[in-house]
2 protein chains.
Amino acid sequence: MRRSSAQGVLYGQAVANVAGISGSDLECMDFLNLEGRATAGRLAEVTGLTTGAITGVVDRLEKAGYVRRERDDADRRKVFITVVPETTAEIGKLYVPMQQAMHKVWSRYSDEELRLLLRFATDGYKGVLEATEALKDLLDTPPEKRADLKTPKPRR
Amino acid sequence: MRRSSAQGVLYGQAVANVAGISGSDLECMDFLNLEGRATAGRLAEVTGLTTGAITGVVDRLEKAGYVRRERDDADRRKVFITVVPETTAEIGKLYVPMQQAMHKVWSRYSDEELRLLLRFATDGYKGVLEATEALKDLLDTPPEKRADLKTPKPRR
DNA sequence: CTAATTATCTTAGTGGCTAAGATATATATT
DNA sequence: AATATATATCTTAGCCACTAAGATAATTAG
(Lines give C-alpha, C1' and ligand atoms only; values in the text may rest on other atoms or scores of the structure.)
Protein backbone atom coordinates (compact mmCIF):
# COMPACT_ATOMS: atom_id res chain seq x y z
CA MET A 1 0.00 0.00 0.00
CA ARG A 2 2.88 2.37 0.77
CA ARG A 3 4.41 1.62 -2.62
CA SER A 4 1.09 2.25 -4.38
CA SER A 5 0.79 5.52 -2.55
CA ALA A 6 4.30 6.61 -3.58
CA GLN A 7 3.69 5.60 -7.19
CA GLY A 8 0.39 7.46 -7.13
CA VAL A 9 2.24 10.62 -6.13
CA LEU A 10 4.53 10.22 -9.16
CA TYR A 11 1.48 9.76 -11.39
CA GLY A 12 0.06 13.00 -10.02
CA GLN A 13 3.30 14.88 -10.62
CA ALA A 14 3.25 13.77 -14.26
CA VAL A 15 -0.36 14.91 -14.65
CA ALA A 16 0.40 18.30 -13.07
CA ASN A 17 3.39 18.68 -15.37
CA VAL A 18 1.35 18.09 -18.50
CA ALA A 19 -1.48 20.33 -17.27
CA GLY A 20 1.09 23.07 -16.66
CA ILE A 21 0.28 23.50 -12.98
CA SER A 22 2.08 22.67 -9.74
CA GLY A 23 1.52 19.61 -7.59
CA SER A 24 -0.25 21.70 -4.95
CA ASP A 25 -2.47 23.21 -7.63
CA LEU A 26 -3.50 19.73 -8.73
CA GLU A 27 -4.04 18.64 -5.13
CA CYS A 28 -6.52 21.49 -4.79
CA MET A 29 -8.21 20.57 -8.07
CA ASP A 30 -8.62 17.00 -6.80
CA PHE A 31 -10.27 18.24 -3.64
CA LEU A 32 -12.48 20.65 -5.57
CA ASN A 33 -13.58 17.84 -7.85
CA LEU A 34 -14.56 15.75 -4.83
CA GLU A 35 -16.41 18.57 -3.08
CA GLY A 36 -17.63 20.68 -6.00
CA ARG A 37 -16.52 23.92 -4.40
CA ALA A 38 -14.64 25.14 -1.36
CA THR A 39 -13.48 28.36 0.28
CA ALA A 40 -9.84 29.43 0.11
CA GLY A 41 -9.49 28.77 3.83
CA ARG A 42 -10.79 25.23 3.50
CA LEU A 43 -8.22 24.54 0.76
CA ALA A 44 -5.50 25.78 3.10
CA GLU A 45 -6.77 23.37 5.77
CA VAL A 46 -6.86 20.26 3.62
CA THR A 47 -3.54 20.92 1.89
CA GLY A 48 -1.64 22.11 4.94
CA LEU A 49 -0.59 25.26 3.08
CA THR A 50 -0.88 28.80 4.43
CA THR A 51 -3.72 30.97 3.20
CA GLY A 52 -1.13 33.10 1.44
CA ALA A 53 0.04 30.12 -0.57
CA ILE A 54 -3.55 29.30 -1.48
CA THR A 55 -3.99 32.78 -2.94
CA GLY A 56 -1.17 31.89 -5.31
CA VAL A 57 -2.67 28.49 -6.09
CA VAL A 58 -6.06 29.99 -6.94
CA ASP A 59 -4.44 32.80 -8.95
CA ARG A 60 -2.68 30.25 -11.16
CA LEU A 61 -5.72 27.97 -11.49
CA GLU A 62 -7.99 30.90 -12.31
CA LYS A 63 -5.53 32.28 -14.87
CA ALA A 64 -5.38 28.83 -16.49
CA GLY A 65 -9.18 28.79 -16.61
CA TYR A 66 -9.65 25.75 -14.35
CA VAL A 67 -11.54 27.54 -11.56
CA ARG A 68 -13.51 30.70 -10.83
CA ARG A 69 -13.62 32.90 -7.71
CA GLU A 70 -17.09 33.65 -6.40
CA ARG A 71 -17.69 35.86 -3.35
CA ASP A 72 -20.23 34.52 -0.88
CA ASP A 73 -23.17 36.94 -0.67
CA ALA A 74 -24.09 35.77 2.83
CA ASP A 75 -20.58 36.42 4.19
CA ARG A 76 -18.69 38.72 1.91
CA ARG A 77 -15.30 37.90 3.43
CA LYS A 78 -15.52 34.38 1.99
CA VAL A 79 -14.47 33.40 -1.50
CA PHE A 80 -15.80 30.20 -2.99
CA ILE A 81 -13.57 28.48 -5.49
CA THR A 82 -15.57 26.53 -8.08
CA VAL A 83 -14.31 24.31 -10.88
CA VAL A 84 -15.00 25.14 -14.51
CA PRO A 85 -16.21 21.76 -15.82
CA GLU A 86 -15.28 22.29 -19.48
CA THR A 87 -11.60 23.08 -18.98
CA THR A 88 -11.26 20.67 -16.07
CA ALA A 89 -12.32 17.83 -18.36
CA GLU A 90 -8.95 18.14 -20.11
CA ILE A 91 -7.18 17.26 -16.87
CA GLY A 92 -9.69 14.49 -16.27
CA LYS A 93 -8.56 12.75 -19.46
CA LEU A 94 -5.10 12.32 -17.98
CA TYR A 95 -6.60 10.17 -15.24
CA VAL A 96 -8.21 7.77 -17.71
CA PRO A 97 -5.23 5.35 -17.76
CA MET A 98 -5.40 5.16 -13.96
CA GLN A 99 -9.16 4.60 -13.97
CA GLN A 100 -8.89 1.92 -16.62
CA ALA A 101 -6.11 0.12 -14.76
CA MET A 102 -8.06 0.18 -11.51
CA HIS A 103 -11.25 -1.03 -13.17
CA LYS A 104 -9.24 -3.88 -14.63
CA VAL A 105 -8.06 -4.78 -11.14
CA TRP A 106 -11.53 -4.47 -9.60
CA SER A 107 -13.05 -6.63 -12.32
CA ARG A 108 -11.17 -9.60 -10.92
CA TYR A 109 -13.08 -9.44 -7.64
CA SER A 110 -16.59 -10.67 -6.81
CA ASP A 111 -19.27 -8.35 -5.47
CA GLU A 112 -18.81 -9.81 -2.02
CA GLU A 113 -15.06 -9.28 -2.18
CA LEU A 114 -15.57 -5.72 -3.39
CA ARG A 115 -17.84 -5.06 -0.42
CA LEU A 116 -15.01 -6.15 1.86
CA LEU A 117 -12.56 -3.88 0.03
CA LEU A 118 -14.96 -0.97 0.38
CA ARG A 119 -15.29 -1.64 4.09
CA PHE A 120 -11.53 -1.72 4.42
CA ALA A 121 -11.10 1.50 2.42
CA THR A 122 -13.59 3.21 4.75
CA ASP A 123 -12.05 1.79 7.93
CA GLY A 124 -8.57 2.58 6.67
CA TYR A 125 -9.43 6.21 6.01
CA LYS A 126 -10.79 6.54 9.53
CA GLY A 127 -7.57 4.96 10.77
CA VAL A 128 -5.41 7.46 8.91
CA LEU A 129 -7.44 10.36 10.33
CA GLU A 130 -7.07 8.86 13.80
CA ALA A 131 -3.31 8.52 13.30
CA THR A 132 -3.06 12.16 12.26
CA GLU A 133 -4.81 13.20 15.49
CA ALA A 134 -2.57 10.90 17.55
CA LEU A 135 0.53 12.39 15.90
CA LYS A 136 -0.64 15.88 16.85
CA ASP A 137 -1.10 14.75 20.47
CA LEU A 138 2.34 13.13 20.41
CA LEU A 139 3.94 16.36 19.25
CA ASP A 140 2.09 18.39 21.88
CA THR A 141 3.64 16.15 24.54
CA PRO A 142 7.18 17.28 25.53
CA PRO A 143 9.66 14.54 24.48
CA GLU A 144 10.68 13.68 28.06
CA LYS A 145 7.06 13.10 29.05
CA ARG A 146 6.26 10.79 26.16
CA ALA A 147 5.35 7.22 27.03
CA ASP A 148 7.72 4.75 25.43
CA LEU A 149 6.65 4.23 21.88
CA LYS A 150 6.46 0.71 20.64
CA THR A 151 5.59 -0.47 17.19
CA PRO A 152 2.94 -3.18 17.39
CA LYS A 153 4.29 -6.66 16.81
CA PRO A 154 3.42 -8.47 13.59
CA ARG A 155 1.28 -11.53 14.37
CA ARG A 156 3.87 -13.86 12.80
CA MET B 1 -8.64 5.29 -1.10
CA ARG B 2 -7.87 8.65 -2.70
CA ARG B 3 -8.77 10.39 0.53
CA SER B 4 -6.53 8.07 2.53
CA SER B 5 -3.72 8.77 0.13
CA ALA B 6 -4.15 12.53 0.45
CA GLN B 7 -4.32 12.31 4.23
CA GLY B 8 -1.21 10.12 4.22
CA VAL B 9 0.65 12.85 2.37
CA LEU B 10 -0.33 15.33 5.09
CA TYR B 11 0.89 12.91 7.75
CA GLY B 12 4.22 12.68 5.94
CA GLN B 13 4.53 16.46 5.72
CA ALA B 14 4.05 16.70 9.48
CA VAL B 15 6.70 14.04 10.09
CA ALA B 16 9.17 15.77 7.76
CA ASN B 17 8.51 19.05 9.52
CA VAL B 18 9.30 17.65 12.96
CA ALA B 19 12.37 15.79 11.66
CA GLY B 20 13.58 19.07 10.16
CA ILE B 21 13.84 17.77 6.61
CA SER B 22 11.90 18.35 3.41
CA GLY B 23 9.14 16.16 2.00
CA SER B 24 11.45 14.91 -0.74
CA ASP B 25 14.10 14.09 1.85
CA LEU B 26 11.59 11.97 3.75
CA GLU B 27 10.41 10.31 0.55
CA CYS B 28 14.00 9.20 -0.03
CA MET B 29 14.31 7.99 3.56
CA ASP B 30 11.16 5.90 3.11
CA PHE B 31 12.60 4.29 0.01
CA LEU B 32 15.96 3.71 1.69
CA ASN B 33 14.23 2.05 4.63
CA LEU B 34 12.42 -0.30 2.26
CA GLU B 35 15.52 -1.15 0.21
CA GLY B 36 18.30 -0.78 2.76
CA ARG B 37 20.51 1.18 0.40
CA ALA B 38 20.36 2.75 -3.05
CA THR B 39 22.52 4.78 -5.43
CA ALA B 40 21.89 8.46 -5.95
CA GLY B 41 20.70 7.74 -9.47
CA ARG B 42 18.14 5.21 -8.25
CA LEU B 43 16.75 7.78 -5.81
CA ALA B 44 16.37 10.22 -8.69
CA GLU B 45 14.46 7.56 -10.63
CA VAL B 46 11.99 6.65 -7.89
CA THR B 47 11.34 10.21 -6.78
CA GLY B 48 11.18 11.78 -10.24
CA LEU B 49 13.76 14.38 -9.20
CA THR B 50 16.88 15.29 -11.17
CA THR B 51 20.22 13.93 -10.03
CA GLY B 52 21.20 17.46 -9.10
CA ALA B 53 18.27 17.72 -6.72
CA ILE B 54 19.22 14.36 -5.21
CA THR B 55 22.69 15.69 -4.43
CA GLY B 56 20.97 18.33 -2.32
CA VAL B 57 18.69 15.76 -0.67
CA VAL B 58 21.62 13.54 0.29
CA ASP B 59 23.66 16.53 1.46
CA ARG B 60 20.90 17.51 3.87
CA LEU B 61 20.24 13.96 5.06
CA GLU B 62 23.96 13.31 5.57
CA LYS B 63 24.42 16.58 7.44
CA ALA B 64 21.49 15.63 9.71
CA GLY B 65 23.14 12.26 10.32
CA TYR B 66 20.36 10.13 8.81
CA VAL B 67 22.43 8.60 5.98
CA ARG B 68 26.01 8.00 4.90
CA ARG B 69 27.60 8.15 1.44
CA GLU B 70 29.66 5.09 0.46
CA ARG B 71 31.49 4.86 -2.86
CA ASP B 72 31.12 1.55 -4.68
CA ASP B 73 34.54 -0.11 -4.99
CA ALA B 74 33.48 -2.12 -8.03
CA ASP B 75 32.34 0.99 -9.93
CA ARG B 76 33.81 4.10 -8.39
CA ARG B 77 31.39 6.44 -10.15
CA LYS B 78 28.57 5.10 -8.04
CA VAL B 79 27.68 6.32 -4.58
CA PHE B 80 25.58 4.14 -2.33
CA ILE B 81 23.38 5.92 0.17
CA THR B 82 22.86 3.87 3.33
CA VAL B 83 20.69 4.66 6.33
CA VAL B 84 22.19 5.14 9.78
CA PRO B 85 19.87 2.96 11.90
CA GLU B 86 20.40 4.75 15.23
CA THR B 87 19.43 8.24 14.07
CA THR B 88 16.77 6.96 11.70
CA ALA B 89 14.99 5.33 14.64
CA GLU B 90 14.03 8.82 15.84
CA ILE B 91 12.06 9.36 12.65
CA GLY B 92 10.60 5.88 12.96
CA LYS B 93 8.98 6.83 16.26
CA LEU B 94 6.89 9.45 14.47
CA TYR B 95 5.28 6.67 12.45
CA VAL B 96 4.18 4.78 15.54
CA PRO B 97 0.74 6.45 15.71
CA MET B 98 0.14 5.45 12.09
CA GLN B 99 1.27 1.88 12.70
CA GLN B 100 -0.88 1.58 15.79
CA ALA B 101 -3.93 2.95 13.99
CA MET B 102 -3.45 0.57 11.07
CA HIS B 103 -2.92 -2.42 13.34
CA LYS B 104 -6.14 -1.51 15.09
CA VAL B 105 -7.92 -1.55 11.73
CA TRP B 106 -6.34 -4.81 10.64
CA SER B 107 -7.25 -6.50 13.91
CA ARG B 108 -10.89 -6.29 12.90
CA TYR B 109 -10.34 -8.63 9.94
CA SER B 110 -10.01 -12.42 9.85
CA ASP B 111 -6.95 -14.14 8.42
CA GLU B 112 -8.89 -15.01 5.30
CA GLU B 113 -10.04 -11.44 4.86
CA LEU B 114 -6.48 -10.19 5.39
CA ARG B 115 -5.30 -12.54 2.66
CA LEU B 116 -7.80 -10.94 0.30
CA LEU B 117 -6.61 -7.47 1.31
CA LEU B 118 -3.01 -8.49 0.68
CA ARG B 119 -3.95 -9.81 -2.74
CA PHE B 120 -5.70 -6.56 -3.53
CA ALA B 121 -2.76 -4.47 -2.30
CA THR B 122 -0.45 -6.45 -4.60
CA ASP B 123 -2.80 -6.32 -7.59
CA GLY B 124 -3.46 -2.64 -6.97
CA TYR B 125 0.23 -1.80 -6.97
CA LYS B 126 0.65 -3.60 -10.29
CA GLY B 127 -2.32 -1.62 -11.58
CA VAL B 128 -0.79 1.69 -10.56
CA LEU B 129 2.49 0.77 -12.27
CA GLU B 130 0.54 -0.22 -15.37
CA ALA B 131 -1.33 3.08 -15.31
CA THR B 132 1.95 5.00 -15.08
CA GLU B 133 3.22 3.21 -18.20
CA ALA B 134 -0.06 3.84 -20.01
CA LEU B 135 0.12 7.54 -19.14
CA LYS B 136 3.62 7.73 -20.63
CA ASP B 137 2.34 6.10 -23.84
CA LEU B 138 -0.58 8.51 -23.90
CA LEU B 139 1.73 11.49 -23.65
CA ASP B 140 4.01 10.12 -26.38
CA THR B 141 1.00 10.05 -28.71
CA PRO B 142 0.30 13.44 -30.34
CA PRO B 143 -3.10 14.72 -29.11
CA GLU B 144 -4.75 14.55 -32.55
CA LYS B 145 -3.80 10.89 -32.91
CA ARG B 146 -5.14 9.83 -29.52
CA ALA B 147 -8.03 7.41 -29.51
CA ASP B 148 -11.05 8.86 -27.77
CA LEU B 149 -10.59 8.45 -24.06
CA LYS B 150 -13.49 7.13 -22.11
CA THR B 151 -13.69 6.57 -18.41
CA PRO B 152 -15.00 3.07 -17.70
CA LYS B 153 -18.60 3.01 -16.58
CA PRO B 154 -19.43 2.14 -12.98
CA ARG B 155 -21.32 -1.15 -12.80
CA ARG B 156 -24.28 0.52 -11.13
C1' DC C 1 -19.93 51.92 18.88
C1' DT C 2 -15.79 49.99 19.80
C1' DA C 3 -13.00 45.86 20.08
C1' DA C 4 -11.97 41.41 18.75
C1' DT C 5 -12.33 37.84 15.37
C1' DT C 6 -12.43 35.84 10.84
C1' DA C 7 -11.22 35.40 5.81
C1' DT C 8 -8.44 36.63 2.22
C1' DC C 9 -4.78 39.09 0.03
C1' DT C 10 -0.07 41.35 -0.17
C1' DT C 11 4.86 41.52 0.33
C1' DA C 12 9.65 40.30 1.39
C1' DG C 13 12.62 36.76 1.81
C1' DT C 14 13.97 31.77 1.63
C1' DG C 15 14.89 27.24 0.00
C1' DG C 16 14.35 23.33 -3.06
C1' DC C 17 13.95 22.61 -7.77
C1' DT C 18 15.41 22.37 -12.91
C1' DA C 19 18.60 22.84 -16.72
C1' DA C 20 22.96 22.91 -18.28
C1' DG C 21 27.38 21.86 -17.89
C1' DA C 22 31.74 20.05 -15.22
C1' DT C 23 34.19 16.20 -13.36
C1' DA C 24 35.46 11.52 -12.77
C1' DT C 25 35.11 6.82 -13.95
C1' DA C 26 33.86 2.99 -17.07
C1' DT C 27 33.15 0.76 -21.54
C1' DA C 28 33.59 0.36 -26.66
C1' DT C 29 36.08 1.14 -30.96
C1' DT C 30 39.95 1.43 -33.85
C1' DA D 1 47.17 1.72 -26.39
C1' DA D 2 44.82 5.59 -27.55
C1' DT D 3 40.57 7.74 -28.45
C1' DA D 4 35.68 8.30 -28.24
C1' DT D 5 31.42 7.61 -26.10
C1' DA D 6 28.59 6.56 -22.18
C1' DT D 7 27.47 6.64 -17.34
C1' DA D 8 27.13 8.54 -12.47
C1' DT D 9 27.44 12.24 -9.59
C1' DC D 10 28.27 16.95 -8.48
C1' DT D 11 28.19 22.11 -9.35
C1' DT D 12 26.13 26.42 -10.58
C1' DA D 13 22.79 29.99 -11.95
C1' DG D 14 18.30 31.20 -11.99
C1' DC D 15 13.38 30.41 -11.02
C1' DC D 16 9.20 29.79 -8.57
C1' DA D 17 6.29 28.16 -4.84
C1' DC D 18 6.32 28.55 -0.14
C1' DT D 19 6.32 30.74 4.74
C1' DA D 20 5.85 34.51 7.97
C1' DA D 21 4.20 38.72 8.97
C1' DG D 22 1.24 42.12 8.33
C1' DA D 23 -2.63 44.79 5.63
C1' DT D 24 -7.38 45.03 4.33
C1' DA D 25 -12.15 44.17 4.58
C1' DA D 26 -16.18 42.04 6.61
C1' DT D 27 -18.41 39.94 10.60
C1' DT D 28 -19.53 39.15 15.47
C1' DA D 29 -19.31 40.26 20.50
C1' DG D 30 -19.35 43.26 24.44
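Chain A is the first sequence line, chain B the second, and so forth, proteins listed ahead of strands; every chain is numbered from 1.
Atom CZ of A/R69 is separated from atom C1' of C/dT8 by 9 Å (rounded to the nearest Å). For A/D72 and C/dT8, the CG to P distance is 10 Å, given to the nearest whole Å. Separating the CD atom of A/E45 from the C1' atom of C/dT6 is a distance of 13 Å, rounded to the nearest angstrom. Here D/dT28 presents its P atom at 14 Å from CZ of A/R76, a figure rounded to the nearest Å. If you take CZ of A/R42 and P of C/dA7, they are 12 Å apart, rounded to a whole angstrom. Summarising the geometry, the separation between CZ on B/R71 and P on C/dA24 is reported as 11 Å, rounded to the nearest angstrom. Residue B/I54 contributes atom CD1, which lies 13 Å from atom C1' of C/dT18 at whole-angstrom precision. One can place CZ of B/F80 at 11 Å from P of D/dA8, the figure rounded to the nearest angstrom.
Here the side chain of A/V79 is nearest to one of D/dT27, C/dT8, C/dC17, namely C/dT8. Among D/dC10, C/dT8, C/dT18, the nucleotide with an atom closest to any side-chain atom of B/T55 is D/dC10. Nearest to the side chain of B/A53, among C/dT18, D/dC18, D/dC10, sits C/dT18. Nearest to the side-chain atoms of B/L49 among the listed nucleotides D/dA26, C/dT18, D/dT19 stands C/dT18.
A/A44 comes within 4.0 angstrom of nothing in the nucleic acid, heavy atoms only. Residue contacts shown for A/G41 are limited to sugar-phosphate atoms, with no base heavy atom under 4.0 Å away. Counting non-hydrogen atoms under 4.0 angstrom, A/A40 reaches the backbone sugars and phosphates but no base.
The side chain of A/T50 contributes no N or O atom lying less than 4.0 Å from OP1 or OP2 of D/dA20. For D/dC18, the OP1/OP2 oxygens have a side-chain nitrogen or oxygen of A/S24 closer than 4.0 Å.
Between the side chain of B/R77 and the base of D/dT7 there is at least one donor-acceptor pair of N/O atoms closer than 3.5 Å. At a cut-off of 3.5 angstrom, counting only N and O atoms as typed in the model, there is a donor on one side and an acceptor on the other between the side-chain of A/T51 and the base of C/dC9.
B/R119 has a carboxylate O that lies under 4.0 Å from a charged side-chain N of A/E113, or vice versa, which qualifies the two as a salt bridge.
At a cut-off of 3.5 Å, with distance as the only test, no side-chain donor of A/Y66 or A/D25 sits close to an acceptor on the other residue.
Surrounding CZ of A/R3 are at most 12 heavy atoms belonging to other residues, nucleotides or ligands under 6.0 Å away.
Under a 3.5 Å cut-off, the side chain of A/T87 and the backbone N or O of A/G65 do form a donor-acceptor pair.
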B/V79 vs B/D72, side-chain contact (heavy atoms from CB on, under 4.5 Å): CA-CA, chis, key distance, verdict: CA-CA 6 Å; B/V79 173; B/D72 184 4; over 6 Å; no
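If you find the closest nucleotide of DNA chain C to A/D59 and to A/K78, the one lying nearer the 5' end belongs to A/K78.
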